[in-house]
Q: 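Here it is: the structure, laid out below.
Atom set for the values below is all heavy atoms of this structure, side chains included, hydrogens, waters and symmetry mates excluded. Lettering of chains follows the sequences in order, A, B, ..., and the numbering in each one begins at 1.
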Protein chains: 2
Amino acid sequence: MMLLMSRSTGGYHHGNLQAALEDAALDLLETTSAAKISLREVARRAGVSHNAPYHHFGDRAALLRALGVRGMAALLAAQEEAVAAADGPVERVRALGLAYVRYAAAHPQAFALVFDPDYCAAGSPSAEMSPLIARNEDLLGGEVEALVREPGYEGRDPVALSAALWSTVHGMAQLVTLGHLPLEAAEPALDALVQ
Amino acid sequence: MMLLMSRSTGGYHHGNLQAALEDAALDLLETTSAAKISLREVARRAGVSHNAPYHHFGDRAALLRALGVRGMAALLAAQEEAVAAADGPVERVRALGLAYVRYAAAHPQAFALVFDPDYCAAGSPSAEMSPLIARNEDLLGGEVEALVREPGYEGRDPVALSAALWSTVHGMAQLVTLGHLPLEAAEPALDALVQ
DNA sequence: TCAAGAATGTGGACAATGACCAGATTGGGC
DNA sequence: GCCCAATCTGGTCATTGTCCACATTCTTGA
């Protein structure tokens, strides 16, 4: 019995160190880039020895990969929520893109981690990451399928259009988080393509 | 006399260590991400002690910033060359975008470094980086000015369109270098927006 | 019930690294 | 020709990732 207890103080055993480490690292990720997060600092924040994390993550990269999965899940959830709240094919695609950009702007380090090839390489995604990526591609693909049946978009290749739209919102997210583009410029820029 | 000598062997003084360090680091950048490049390894490759680089670069980040400037210059040159070789406003914008993506595909680590906030923050660009960024924005902005006078693009806001196109090609470059999008998909995707 | 044994924790160790210091070597300007 | 600044060297230190041996606790099965 007593699954998933969270007795976080006192005992020799932490109780739920895995989640505590991810939480501590996620906290650090609010203000620090993934490259600068040290496993030892995370362990210190969780109140355990510098070696305890190795019983839950094979190495530093594994912890960051787990954070990447969390970030991807949050990014996907933000898009799904925005799509569900929007009316009409054009408006749904617009909402999806804006949600993508806004998530990146709100959590720049987490967003960067999701697409950091040092930890989350697209070539060999983790077992947890793969389905999230697939769901995201399906989400966008489905909305674009509906879009190309709208007047003004008929006859466009949905595959090429999906790739173009993903590129656009991803680039926007990058440029906004980097400071090359103000967040307020994202919406009019997106409207310049999806009017 | 004898400015810029390059006596690279023998003497206690290298002769042109600054450039040699950048070259060595640039070599490493062909196969290794910026985050994994160590100053000591660069010094080893240049055949000097682990401390020599500090006489030419304040710290590790300064060396990587210098590489970022080189990368940005190369990215800009690739675009300028492509634009000069293309005919007509639409075709020039297309060529510019493809050059951007192709440069990234050819030099993924260098491209990533140019936009790595840990080294090349957009908020406080170095004195060498600023004019390059400005030139790149002018280049794109000028081509888009010409584009919006073309049939099919009249009346579009050139500022919003510039931001959108930069976002698109930048996102494409990211997704291609990350492996989320095959390079061959870039051209048709770009054509889905700039037909 | 209670004794393995698996999980999970601790501290110690080691190599690599970034950064600083003092001192050696060199070269150009007076 | 001499001095000073630029350049390069080795030494040192704190931090980090990772491995090892060992301690503690939980669980499981006889």
Q: Does A:E91, at its CD atom, have more than 12 non-hydrogen atoms belonging to other residues, nucleotides or ligands within less than 6.0 Å?
A: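 Counting neighbours around CD of A:E91, more than 12 heavy atoms of other residues, nucleotides or ligands fall under 6.0 Å, so yes.
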Q: Which listed nucleotide (C:dA19, C:dG9, D:dT18) is nearest to the side chain of B:R40?
A: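 Out of C:dA19, C:dG9, D:dT18, the nucleotide with an atom closest to B:R40's side chain is C:dA19.
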Q: Classify the angle between the aromatic ring planes of B:H170 and B:W166 as parallel (below 30°), tilted (30 to 60°) or perpendicular (above 60°).
A: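 B:H170 and B:W166: perpendicular rings.
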Q: So does B:I37 get a backbone contact from the side chain of B:R60, meaning a donor-acceptor N/O pair under 3.5 Å?
A: yes
Q: Examine D:dT15: is either OP1 or OP2 under 4.0 Å from a nitrogen or oxygen in the side chain of A:R44? Give yes or no.
A: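 No, no such contact exists.
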Q: Counting heavy atoms not belonging to A:D87, are there more than 12 under 6.0 Å from its CG?
A: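 Counting other residues, nucleotides and ligands, CG of A:D87 stays at 12 neighbours or fewer.
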Q: Between residues 48-60 of chain A and DNA chain C, which residues have a heavy-atom gap below 4.0 Å?
A: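 Within this stretch, A:V48, A:S49, A:H50, A:N51, A:A52, A:H55, A:H56 sit under 4.0 Å of the strand.
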Q: How many Å lie between NZ on B:K36 and P on C:dG18, as a whole number?
A: 15 Å
Q: Can you check the A:L21 CG to D:dG17 C1' distance for me, whole Å?
A: 15 Å
Q: Would you kindly give the CD-to-C1' distance between B:E41 and C:dG18, to the nearest whole Å?
A: 15 Å
Q: What is the distance, to the nearest angstrom, from the CG atom on A:L28 to the C1' atom on D:dT16?
A: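 Interatomic distance, CG of A:L28 to C1' of D:dT16: 15 Å.
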Q: Side chain to side chain contact (heavy atoms under 4.5 Å, CB included) between A:E22 and A:F57: does it pass, once the steps are laid out?
A: CA-CA 10 Å; A:E22 290 185 20; A:F57 301 96; 3.6 Å; yes
Q: Scan B:L29, B:L26, B:L75 and name whichever one has a side chain to side chain contact (heavy atoms under 4.5 Å, CB included) with B:R70.
A: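 Exactly one candidate clears the test, B:L26.
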Q: Starting at CG of B:L17 and ending at C1' of C:dT26, how long is that distance when rounded to a whole Å?
A: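 Spelled out: CG on B:L17 to C1' on C:dT26 is 15 Å.
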Q: Rounded off to whole Å, could you give me the CG-to-P distance for the A:N16 and D:dT25 pair?
A: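 Distance, rounded to whole Å: 19 Å.
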